[in-house]
Enquirer: 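Input: one structure, supplied below.
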Amino acid sequence: MLFCCHRQLAAVPPPPPEGASSDVVSAPAPQGPDAQAGGAARGYTLIAEVCEYNPRVTAIAIEYDKELQLAVDLVDRYEVSAQLNAVSTYAGEELSDSIQPKAPREIVKAYTSDGPNVGVMKKGNYVILELDPYDENASSVYLGYSYIPEGGEKGQSKEILPYGDKMVYEIRQTLPIKYSDGGLTSTGDTFQQAGYQTQIVDDFTQHVYESETPGLTYKKLAYNLYQPEAEEGETYPLIVFLHGSGSRSNNLDGHDETLSPLYNNQGGITWVKNAPEPAYVFVPQYFDYPDVTTNSINWSHPDVTTMTMELVRQFVDDPSMKIDPNRIYISGLSIGGRGSWTFLRNPAYSDYFAGALIMCGSGGVTAWDVITDEELAQLKAVRASGLPVWLHHNDTDPTVPVEGSRNAYKVMLNIPLDDPMPNPTVETEDYRYYESADGKIKYTELKFKPDQVNENLGIYTPVGHWVWENTFKDKAAIAWLFEQNLQNRAPTVFPN
């Protein structure tokens, strides 16, 4: 079963905005043989958003031919069903497990609007139907693999396969609604898909960078880039987000895999959706080259780090990009969390970053239960530099054991690795929170219950590794990262 973006579903409709029609809900449906008279073809747009796992259709925007009277409770006026037909791999293999049979989509909110604008209740030519993202048939992209809760592997997410015309939606209007001129819409209308969009993702551009640096064995790096609307005289932060191993690409020719880091989870879009201010978002993607062992090319490979930093420098130097060089941040999950540490532990790169938000990243060390003297010195150098870091991990992570983050935290606080963790700064039923005395090093450890949906943690998949589901919705953690500034970074002195 797939789970999706956390949204508080309203049990009752919201109160009508000022000026809303009070009688639109009670308008009678036409009766008798002329009930379908006046039917017209209406275009609609499917609107998807990236959830904990893959993009899912969470709204439909229906366009009418003239302005509708403001209405905010139209749920009982429409019925929606959807089926997902089989998609095929690039090699032409039809994937039977991508099929979802025809079933209803639950409408949780329905209201008029002035455009295909989810959450905007206004007079206009549109009706917005918000749908339950947890519906089994809600997916708009098939990611090429399914999670198996009780062990076993089914490969990594290698091919991004949009359902496209394999999404078959049926919309039926069961009762009329009022136009602003007092007339009624028809229940005989037919509805045809006229468009499709994925919120925020569509605002990123996709690229493949080829380095000209001599001596590199691997010279290509794909990336996604979001650029905010810059105002004259303003500068903006730059976020470098490093994906996990399931978002890498094995196709140097492209296809749609560059979107994988944006589709697999909210790690790319959260910096647009949940950040306290606009920012540039750089989401690179490394390739699985065919001549190397799977996963041996990753964020810790010197060629990959070189290309990533070449692009960061190019962005900062580009006069068309209004980047504040004092507010460049790095974040990553899983192997991207480990990669974040690789950048921070390299003195040639670490001074570029004003702060880091790292999820299940194992301290970036070779083995999470053993830290070499060299790695120990590098981690202590990060701490001594005054770089603010916030770690996140699930305490029952089966993929990257929690010792990885615990040991990194201990090193950063000069606590011997053989010592137990210090007492948490705050502990609740759901998490343990640790913080250094100067507030620069933070660690949130969630008390994850395996094979359950941990709704109270903001985690909706039964995957103990996916602590990022919680982190990407934590606006306080994201706001903390945006507060960091190189100009305020002072060296930290280790106690003896």
Side-chain angles (χ1 to χ4, degrees), residues 200 203-216 218-243 258 261-262 267-272 275-286 299-332 336 339-358 364 381-382 385-390 478-491:
I200 301 178
D203 298 323
F204 281 79
T205 55
Q206 287 69 52
H207 312 264
V208 175
Y209 172 70
E210 189 161 359
S211 177
E212 297 180 356
T213 300
L216 298 188
Y218 306 105
K219 297 186 176 184
K220 283 187 177 182
L221 188 74
Y223 69 95
N224 301 273
L225 182 65
Y226 174 87
Q227 302 187 64
E229 294 185 10
E231 296 186 10
E232 188 67 30
E234 296 293 327
T235 59
Y236 301 89
L238 169 66
I239 301 292
V240 181
F241 172 70
L242 307 182
H243 63 73
T258 305
L262 301 180
I269 69 164
T270 191
W271 315 106
V272 181
E277 60 183 291
Y280 290 88
V281 185
F282 170 42
V283 184
Q285 181 194 44
Y286 65 82
W299 300 116
S300 298
H301 193 284
D303 291 358
V304 176
T305 57
T306 296
M307 289 187 287
T308 302
M309 291 307 300
E310 284 178 353
L311 283 165
V312 169
R313 295 187 186 105
Q314 288 183 23
F315 297 152
V316 172
D317 293 340
D318 186 342
S320 70
M321 298 177 69
K322 310 300 182 181
I323 294 173
D324 183 348
N326 291 309
R327 300 182 66 201
I328 302 175
Y329 310 118
I330 191 165
S331 180
S340 298
W341 279 115
T342 299
F343 285 90
L344 298 182
R345 286 167 36 218
N346 186 330
Y349 302 149
S350 61
D351 285 345
Y352 277 85
F353 299 106
L357 188 63
I358 299 176
V382 173
S385 74
L387 178 72
V389 180
W390 194 337
I478 294 170
W480 170 87
L481 186 63
F482 275 62
E483 292 167 1
Q484 309 313 312
N485 193 306
L486 277 178
Q487 292 184 327
N488 302 328
R489 190 167 130 189

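These numbers come from a predicted model, not from an experiment.
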Enquirer: side-chain contact (heavy atoms from CB on, under 4.5 Å), that's the test. Do Leu262 and Gln206 meet it? Break it down for me.
Expert: CA-CA 11 Å; Leu262 301 180; Gln206 287 69 52; 4.2 Å; yes
Enquirer: Minimum heavy-atom separation for Ala356 and Trp480, please, with both atom names.
Expert: O-CZ3, 3.7 Å
Enquirer: Quick one: pull up CD1 in Ile239 and CG in Leu481 and give me the separation to the nearest 0.5 Å.
Expert: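 The CD1 atom of Ile239 sits 5.0 Å away from the CG atom of Leu481.
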Enquirer: Can you see which heavy atom on Leu486 is nearest to which on Tyr352, and at what distance?
Expert: CD1-O, 3.9 Å
Enquirer: Step by step, work out the side-chain contact (heavy atoms from CB on, under 4.5 Å) result for Gln285 and His243.
Expert: CA-CA 7 Å; Gln285 181 194 44; His243 63 73; 3.5 Å; yes
Enquirer: Could you state the interatomic distance from CD1 (Ile330) to CD1 (Ile358), rounded to the nearest 0.5 Å?
Expert: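 That separation rounds to 7.5 Å.
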Enquirer: Output yes when a side-chain donor or acceptor of Asn224 lies under 3.5 Å from a complementary backbone atom of Thr258, and no otherwise.
Expert: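 Between the backbone of Thr258 and the side chain of Asn224 there is a qualifying donor-acceptor contact (under 3.5 Å).
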Enquirer: To the nearest 0.5 Å, what is the distance between CD1 (Ile328) and CD1 (Ile323)?
Expert: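 Taking CD1 in Ile328 and CD1 in Ile323, the distance rounds to 6.5 Å.
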Enquirer: Could you pull out every donor-acceptor pair under 3.5 Å between side chains of residues 207-215 and any protein atom, sequence neighbours left out?
Expert:
from, atom 1, to, atom 2, distance (Å)
His207, NE2, Thr205, OG1, 2.7
Tyr209, OH, Glu310, OE1, 2.6
Tyr209, OH, Gln314, NE2, 3.4
Ser211, OG, Thr213, N, 3.1
Ser211, OG, Thr213, OG1, 3.2
Ser211, OG, Glu310, OE1, 2.9
Ser211, OG, Glu310, OE2, 3.4
Thr213, OG1, Glu310, OE2, 2.2

Enquirer: In plain terms, say whether Arg327 and Glu483 are close enough for a salt bridge, that is, a side-chain N and a carboxylate O under 4.0 Å apart.
Expert: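 Looking at Arg327 and Glu483, the cut-off is not met.
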Enquirer: Aromatic rings Tyr218 and His301: how do their planes relate, parallel, tilted or perpendicular, breaks at 30° and 60°?
Expert: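 Tyr218 and His301: perpendicular rings.
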Enquirer: Relative to the ring of Trp271, is the ring of Phe241 parallel (under 30°), tilted (30 to 60°) or perpendicular (over 60°)?
Expert: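 Ring orientation of Phe241 relative to Trp271: tilted.
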Enquirer: Does any part of the side chain of Tyr286, heavy atoms only, come nearer than 4.5 Å to the side chain of Leu242, both counted from C-beta?
Expert: no
Enquirer: Set out, in order, the CA-CA distance, both residues' side-chain angles and the distance that settles side-chain contact (heavy atoms from CB on, under 4.5 Å) for Val272 and Asp203, then state yes or no.
Expert: CA-CA 10 Å; Val272 181; Asp203 298 323; 5.9 Å; no
Enquirer: Take Arg345 and Ser350 through the side chain to side chain donor-acceptor pair (under 3.5 Å) test and state the conclusion after the steps.
Expert: CA-CA 7 Å; Arg345 286 167 36 218; Ser350 61; over 6 Å; no
Enquirer: For the side chain of Arg489 and the backbone of Phe353, is there at least one donor-acceptor N/O pair under 3.5 Å apart?
Expert: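 Checked: pair present.
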Enquirer: Nearest heavy-atom pair of Val382 and Leu344: which atoms, and what distance?
Expert: CG2-O, 3.3 Å
Enquirer: At what distance, to the nearest 0.5 angstrom, does CG of Asp318 lie from CG of Leu311?
Expert: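 Here the interatomic distance stands at 11.5 Å.
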Enquirer: When you measure from the side chain of Tyr280 to the backbone N and O of Val240, does any donor-acceptor pair fall under 3.5 Å?
Expert: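 No; zero donor-acceptor contacts below 3.5 Å.
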Enquirer: Atom NZ in Lys322, atom CD in Glu229: separation rounded to 0.5 Å?
Expert: 14.5 Å
Enquirer: Which pair of heavy atoms, one from Trp299 and one from Thr305, lies closest together, and at what distance?
Expert: O-CG2, 2.9 Å
Enquirer: Show your working on side-chain contact (heavy atoms from CB on, under 4.5 Å) between Met321 and Leu225 and close with a plain yes or no.
Expert: CA-CA 11 Å; Met321 298 177 69; Leu225 182 65; 4.1 Å; yes
Enquirer: Does the plane of the ring in Tyr349 sit parallel, tilted or perpendicular to the ring in Phe343? Use 30° and 60° as the thresholds.
Expert: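 Geometry flag for Phe343 against Tyr349: tilted rings.
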Enquirer: Minimum heavy-atom separation for Tyr329 to Gln484, with atom names?
Expert: OH-O, 2.6 Å
Enquirer: Over all heavy atoms of both residues, which pair between Thr308 and Pro284 is shortest? Give the atoms and the distance, please.
Expert: CG2-CG, 4.4 Å
Enquirer: Dump the intermediate steps for ring pair (Phe, Tyr, Trp, His ring centres under 6.0 Å) on Phe282 and Tyr223, then the final yes or no.
Expert: CA-CA 7 Å; Phe282 170 42; Tyr223 69 95; 5.6 Å; yes
Enquirer: Roughly how far, to the nearest 0.5 Å, is the CD1 atom of Ile478 from the CG atom of Leu357?
Expert: 7.0 Å
